[in-house]
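Step one of this worksheet: look at the structure below.
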Amino acid sequence: MKLTRRTGLKLLGATALAGTPLKALAAGHTVHEVQMLNKAPDSNERQWFEPPVIQIAAGDAVKWVSTDRGHNSAANPDMIPEGVEAWKGKINDDVEVTFDTPGVYGYNCTPHQSAGMVGLVLVGDVTQEMLDEAAGVRQRGKAKSRYEDFFAMASEMIASS
Ligand SMILES: [Cu+2]
């Protein structure tokens, strides 16, 4: 049997939980961390979420960590599934959001949105159609070119998952 990521997650939920953080076990889901950074770790890009695109299972959480000061994580209300409440973290604060609804979630740092500090969370079964819809939202400044890269990364991720 080819062990796909999806199968792996199911197996993880059913059996092998070794290596899963205790906190995640207690909460019954996995918490994925995204760092809020002044500079990307692998390039000279400034104002950066690492990783900028993250794929998680429905029911998992993302914790944005205020590694560098001056940043926050806020959902773009035009880039989240219908009926889902937008989150908005405070500057310099860690914020943890649990994602129960599958879909594409676009977010940004409020003061650095036009500087391109944006990211994507892909929750559960994401289709190319969902990506295209979110990618159609108008962007300003550097967010435009960053999102072009990130949506291309997202397409590759869903194709290989
Ligand atoms: Cu920022």
Side-chain angles (χ1 to χ4, degrees), residues 5 20-24 27 29-161:
R5 182 182 308 214
T20 306
L22 208 59
K23 191 181 159 197
H29 61 205
T30 302
V31 180
H32 307 262
E33 287 195 354
V34 173
Q35 311 286 327
M36 302 191 276
L37 302 173
N38 293 341
K39 182 190 160 301
D42 303 322
S43 72
N44 287 323
E45 294 293 314
R46 309 289 301 181
Q47 324 296 9
W48 188 261
F49 291 106
E50 179 64 27
V53 185
I54 190 166
Q55 190 171 32
I56 69 173
D60 281 0
V62 174
K63 182 182 182 181
W64 282 272
V65 182
S66 182
T67 309
D68 292 331
R69 292 180 63 78
H71 307 290
N72 74 333
S73 163
N76 182 328
D78 297 327
M79 297 174 75
I80 59 176
E82 270 189 40
V84 173
E85 198 182 340
W87 73 90
K88 184 168 187 177
K90 290 182 180 154
I91 305 282
N92 299 330
D93 274 6
D94 294 354
V95 60
E96 186 174 316
V97 177
T98 299
F99 293 88
D100 292 320
T101 305
V104 177
Y105 294 74
Y107 67 92
N108 55 267
C109 167
T110 306
H112 299 126
Q113 180 171 14
S114 59
M117 191 165 173
V118 299
L120 293 173
V121 181
L122 314 176
V123 180
D125 288 323
V126 167
T127 63
Q128 186 59 46
E129 192 180 17
M130 290 175 184
L131 289 176
D132 290 343
E133 192 181 333
V137 173
R138 197 185 178 112
Q139 304 294 339
R140 295 195 308 180
K142 200 167 182 182
K144 199 172 175 182
S145 56
R146 287 256 177 99
Y147 264 135
E148 282 173 11
D149 292 345
F150 297 164
F151 276 107
M153 289 165 61
S155 292
E156 286 180 23
M157 286 166 86
I158 64 163
S160 62
S161 67

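Quick note: numbers below take in every heavy atom, side chains included, and nothing from hydrogens, waters or symmetry partners. In each ligand, atom 1 is the first atom listed, and ligand 1 is the first ligand listed.
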Can you name the ring-ring contact (aromatic ring centres under 6.0 Å, His included) partners of F99, sequence neighbours left out?
-> W87, Y105
Donor-acceptor pair, D60 side chain versus T30 backbone, under 3.5 Å?
-> yes
Partner set under salt bridge (charged side-chain N to carboxylate O under 4.0 Å, His left out) for E45, not counting sequence neighbours = K142, R146
Just by modelled atom types, is the D94 backbone N or O under 3.5 Å from a matching donor or acceptor in the K90 side chain?
-> no
With a cut-off of 2.8 Å, which protein N/O/S atoms are close to the Cu ion (ligand 1), if we only count those under it?
-> H71 ND1, C109 SG, H112 ND1, M117 SD
Hits for side chain to side chain contact (heavy atoms under 4.5 Å, CB included) against D68, two or more places apart or cross-chain, chain-then-number order -> L37, N38, H71
Apply side-chain contact (heavy atoms from CB on, under 4.5 Å) to the pair N72 and D93, showing each step before the final yes or no.
-> CA-CA 7 Å; N72 74 333; D93 274 6; over 6 Å; no
